[in-house]
Every structure is written in structure tokens, then in C-alpha cells.
Amino acid sequence: MAGKRQQKRRIRWNIGMIVFLVIFIYVMINIISYFTKEKLTVYRVTKDEMTTTFSLTGIALRDESLLKASQNGYITYYVEEGKRVKKKGTLYILDKDGKVQETFADQAQALRGKGETLDNEEVQKKISEFYSIYSDSQFSDVYDLKYDLKNTILNLSENSIQEVIDAVSKKLGEDAFSTETSPASGAVAFYSDSFDGKSADDITESDFDQGTYRVTRYNSSDQVKKNNVVCRVAKSENWTVVVPLDKSQYDLLKDQDSVTVKFQADQKTAAAELEVKKKGNSYYGYLSLDDYVAQYLDVRYLDIDITLDSHEGLKIPNSAIVKKKFYQVPLEYISKGNDGQEEGFSVRITDDNGEVKVEQKDYTIYSRTEKYCYLDPEEVGENVVLQSMDSNDTYLVEKMKTLEGVYCTNQGYADFRVIQKTAQKDGYSIVEEGTSHGISLYDFIVLDSSTIDENQIIY
């Protein structure tokens with residue numbers, strides 16, 4: 001009927017509806033919590049080997065004698081590049097117009113006709129080596145072969161060279177050319193570059209820019225200028241490779257005395273003594289070698305791999321690592337039981353009457369070094385005084401040190417276990433196996449330590 005007020009229906013609450021509503025709210029809270037909270041993921045500990053390797057480009061510096069042209073003219077080498085020459089052995093001749101070279105060639109040919117035969121095996125070896133690596137895309141290498149063969153053909157024994165020099169001197173006169181002998185025994189190379197005269201300490205960051213590198217290589221019959229470096233003799237097998245480092249590489253290498261070096265060109269390896277330095281904002285490594293100097297004599301920039309010692313142990317992700325503070329206690333405050341085996345601590349306790357007594361406590365030793373052991377502050381408590389077993393000395397436990405560890409989940413809660421890292425690379429670390437209160441192979445640990453608190457129940 002018109003104007004009649006409609007009465008609202010009231011909800012009648014009972015105990016069943018209240019219980020249902022409470023359960024519904026609880027379920028919804030758990031559902032929301034499940035989808036919003038960060039998921040806990042565990043990782044199974046495995047065993048692995050880790051080798052830290054840096055791929056770098058270094059600058060090679062050798063203990064060399066640099067020989068300069070005494071005059072303008074044409075040069076003829078009488079030793080093959082890369083070969084060793086004895087002290088005072090003939091290296092090259094230099095004449096002003098190049099005509100003397102023809103006379104030298106005639107005299108050398110005459111000697112060969114008398115029994116000084118050409119080393120055909122050496123020539124065949126060079127041709128075979130070239131054929132094995134030749135590519136149409138690198139046709140310019142043919143010219144390098146040409147000059148190598150030319151130097152090989154000119155290469156005579158020292159006695160034969162002297163006979164040629166004497167014969168040409170009689171024919172043309174001693175002033176027609178100059179002869180250069182080696183100041184020391186060693187391997188020879190025929191080039192000059194922007195590093196002539198530089199030492200390892202002279203190398204700066206700009207030197208590693210290969211775009212600014214300048215080199216001049218020489219072959220027999222080339223025209224050279226007075227005072228230009230035309231030959232170099234490596235006086236010893238000792239040489240240095242300088243490499244640029246970043247901060248992380250410097251930090252890893254600064255405690256290393258030696259490393260293994262692999263030359264990427266031919267995969268040869270060698271042991272090298274290592275020294276690292278910081279100069280201004282730059283970091284450098286100095287690799288001292290005593291082998292292969294002749295193999296890389298004509299190379300200034302070397303692509304190398306630096307390998308630190310390999311480390312074998314338990315492999316864990318770095319995201320699992322967490323830090324925790326522990327009490328640091330000198331080892332002399334560890335007491336022994338009557339059997340001399342069980343370890344504990346003698347704790348001085350003062351009662352309400354002021355009397356001091358000593359109680360034995362079996363605190364867990366999480367780690368130890370040559371001087372200290374490390375105890376959990378939550379287990380020990382505050383203001384604890386230890387009594388030495390061998391004297392009346394006491395020690396107030398308060399000094400702390402941070403140790404690294406992981407949360408082990410084997411028992412259903414986040415149990416802190418100490419780790420000892422030996423190497424790390426690519427987001428993983430290798431830790432020692434069998435450490436006190438540590439982890440073992442196939443243990444389960446929390447993958448991301450930031451997602452859980454110590455002693456938190458997992459399941």
C-alpha cells in the first residue's frame with residue numbers, strides 16, 4: 001500500500017557464521033601472503049673445481065741490444081730472423097747504393113759451388129709451414145714468406161761469411177760497405193717500433209692502445225736511414241709482459257707470487273713470476289718469464305690467459321652467503337676434560353654473596369684459526385669472563401669478528417653454518433670441505449640468504 005515503509009531485513013548472526021567468517025579471513029590472508037612474499041628456494045650443495053682465468057693483452061719487453069744503422073744505405077742480413085747468433089757473429093752489411101749486395105751474392109754463390117751448399121731442408125720446412133696455414137684471404141703473407149726465404153738463402157756459416165767479406169773487401173775496398181756484428185749472443189729480430197728503449201716501468205695506460213702503435217720491419221735489400229734501429233738481439237731468455245688490470249683483477253692477484261700464462265696464439269703455457277702495482281688510478285701486472293723469448297721475439301702485443309691455481313671443493317652460489325658476528329676468543333682459554341679430549345670453557349661466575357666459582361661450559365666452536373676460536377654470542381651471552389686452564393689469567397669475552405656462512409635447511413630451520421672460501425667466479429664460490437660446523441656434500445642451503453632469518457622454521 002502507498003506510503004507504507006518497507007522494513008529492512010536484519011542479518012541474524014550465529015556462532016556458525018562467525019566461525020565461517022574467521023576461517024574465510026584467515027584463508028584469504030594466507031593466500032595473499034603466499035603470492036606476495038618472496039619465495040624461499042633451497043640449493044643442493046655440489047662438488048666442483050674452479051679455475052680463475054683472465055684473458056688479457058700484454059706488452060712484451062725484452063732484455064735487448066738495439067743496433068742502429070751507421071749510415072744511409074741498403075741492408076743485407078746474414079742471419080735468419082728468430083735464429084740465435086753468437087757474440088761477435090756477423091749480423092748484416094750496409095752499403096750506400098746497393099751495388100755491393102750483388103758482389104756479395106756472387107761471392108756467396110761461388111762458395112756454395114765449392115761445397116757450401118744451401119740448406120734445402122730449412123727452405124722446405126718454411127714452405128711446408130707456410131702451406132699449412134695459408135689462406136686466400138691472407139695473400140699478403142706470401143710476401144713474408146718471400147723475405148723469410150731470402151734471409152734463409154743468405155744465411156751462411158760464420159766462417160763462410162767472413163770469407164765472403166774478405167773477398168768483397170779485396171774487390172771493392174773496405175770503405176764500400178760496413179759490417180755489423182752482434183754485441184751478445186741471442187736471438188735476432190729485424191724491426192723498430194715505438195717501444196724501443198722503453199722499460200717495464202715506463203709503460204702507461206696509453207701504450208695499450210694498439211691504434212697508436214708504429215712498427216717498421218726490415219728485410220734484406222731494404223733501404224735504411226742512419227741511426228734507425230735495424231736489428232735487435234735478445235741477450236737473455238728473461239723477458240717481461242706488462243698487462244693492464246682492473247680493480248677486481250688487482251685484488252685477486254695482489255697476493256699471488258706466480259701464475260700460469262697461456263699464449264693464445266699457439267696455446268703454449270709457461271710459469272711466470274707475478275708482481276702487481278697501482279700507479280695513480282691504473283693497475284698493472286708484471287709477468288716475468290724465462291722461456292719462449294725467441295718464439296715471440298717479433299711480437300709486441302701478446303694475447304694471453306693468466307690462470308690462478310685451481311681450487312676444488314664444495315660449490316655454492318654467492319647469493320646464499322650471509323655474514324654473522326662471533327666472539328673471538330684466544331685458544332689458550334679452551335679447557336680440556338679429564339680425558340684430555342673434550343673441549344670446553346672455564347667460566348668465572350660471581351654469586352649474590354660475591355663468591356667466585358668456576359663452571360665448565362660446552363660452547364659450540366664454530367671456527368678456529370692458529371690463534372683464535374669463534375663462539376656464537378647468542379649462546380655465550382654478555383659479560384662472560386673465562387678462566388685460563390694453565391694460569392690465573394682471565395679474559396672478558398667481548399671482541400667480535402664477522403664470519404661468512406650459509407643457512408643449512410637439513411633440520412627444517414635456518415641453521416647457520418660457517419664456510420671458508422677458497423675461490424669465487426661467475427656468481428659462485430668454492431668452499432673448503434670438512435670444516436668445523438660447516439656444510440657437507442649434498443646438504444641443502446637457502447639459495448638467497450636475504451629471504452630468511454637465522455633459526456627461522458621452514459617446515
Side-chain angles (χ1 to χ4, degrees), residues 38-58 205 208 241-278 281-287 301-324 367 402-410 414-435 438-452 454:
E38 197 167 358
K39 302 298 185 298
L40 179 67
T41 306
V42 296
Y43 170 87
R44 192 181 191 190
V45 177
T46 58
K47 196 169 185 177
D48 205 347
E49 183 178 7
M50 183 177 293
T51 301
T52 303
T53 301
F54 304 128
S55 295
L56 303 166
T57 298
E205 190 173 354
F208 294 95
V241 178
V242 185
V243 293
L245 304 173
D246 59 32
K247 181 63 166 59
S248 61
Q249 293 168 340
Y250 171 83
D251 290 337
L252 283 173
L253 293 172
K254 65 183 180 181
D255 295 325
Q256 299 287 326
D257 296 324
S258 61
V259 292
T260 300
V261 175
K262 178 187 287 186
F263 300 98
Q264 295 182 13
D266 52 17
Q267 301 300 299
K268 285 187 171 69
T269 59
E273 294 182 2
L274 173 68
E275 181 182 5
V276 295
K277 293 180 182 180
K278 179 182 179 182
N281 296 323
S282 300
Y283 302 90
Y284 301 96
Y286 301 84
L287 302 164
Y301 290 95
L302 282 169
D303 293 326
I304 62 174
D305 292 332
I306 296 178
T307 303
L308 279 65
D309 294 335
S310 296
H311 297 273
E312 185 176 348
L314 302 178
K315 182 181 179 181
I316 62 170
N318 290 340
S319 60
I321 298 175
V322 62
K323 294 181 179 180
K324 180 180 177 180
S367 182
T402 300
L403 300 181
E404 291 184 320
V406 295
Y407 291 136
C408 182
T409 65
N410 292 352
D415 182 21
F416 183 89
R417 302 288 182 89
V418 177
I419 60 171
Q420 299 289 339
K421 288 193 299 185
T422 59
Q424 60 180 0
K425 181 182 179 182
D426 298 333
Y428 286 86
S429 291
I430 296 294
V431 303
E432 292 182 6
E433 190 174 10
T435 56
I439 56 175
S440 302
L441 184 63
Y442 305 132
D443 277 351
F444 288 96
I445 63 175
V446 177
L447 178 64
D448 185 353
S449 61
S450 65
T451 61
I452 198 169
E454 184 179 2

Result block: side-chain N/O donor-acceptor pairs under 3.5 angstrom for residues 251-261, not counting sequence neighbours:
| residue | atom | partner | partner atom | Å |
| --- | --- | --- | --- | --- |
| D251 | OD1 | K247 | NZ | 3.0 |
| D251 | OD2 | K247 | NZ | 2.8 |

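- Legend: residues meeting ring pair (Phe, Tyr, Trp, His ring centres under 6.0 Å) with Y283, ordered by chain and number and at least two apart, are Y250.
- For the pair T409 and I445, the minimum side-chain heavy-atom distance is 4.5 Å or more.
- Using a 4.5 Å heavy-atom cutoff, the side chains of Q249 and V243 are not in contact.
- Looking at heavy atoms from C-beta onward, F208 lies out of side-chain contact with T57 at the 4.5 angstrom threshold.
- When side chains are defined from C-beta on, S449 does not count as touching V406, because their heavy atoms never get closer than 4.5 Å.
- The shortest distance between side-chain heavy atoms of F444 and Y43 does not fall below 4.5 Å.
- No donor-acceptor contact under 3.5 angstrom links the side chains of Q420 and T435, judged on distance only.
- Annotation: side chain of K47 is in contact with side chain of E312 (closest heavy-atom distance under 4.5 Å).
- For the pair S429 (side chain) and Q424 (backbone), a donor-acceptor distance under 3.5 Å is absent.
- Applying the salt bridge (Lys or Arg N to Asp or Glu O under 4.0 Å) criterion to K262, with sequence neighbours excluded, gives no partner residue.
- For the residue pair D246 / S248, a side-chain donor-acceptor distance below 3.5 Å is found, with atom types taken as modelled.
- Other residues, nucleotides and ligands contribute only 12 or fewer heavy atoms inside 6.0 Å of the OH atom of Y442.
- Enclosure of atom CD in E273 is not indicated, since only 12 or fewer non-hydrogen atoms of other residues, nucleotides or ligands lie within 6.0 angstrom.
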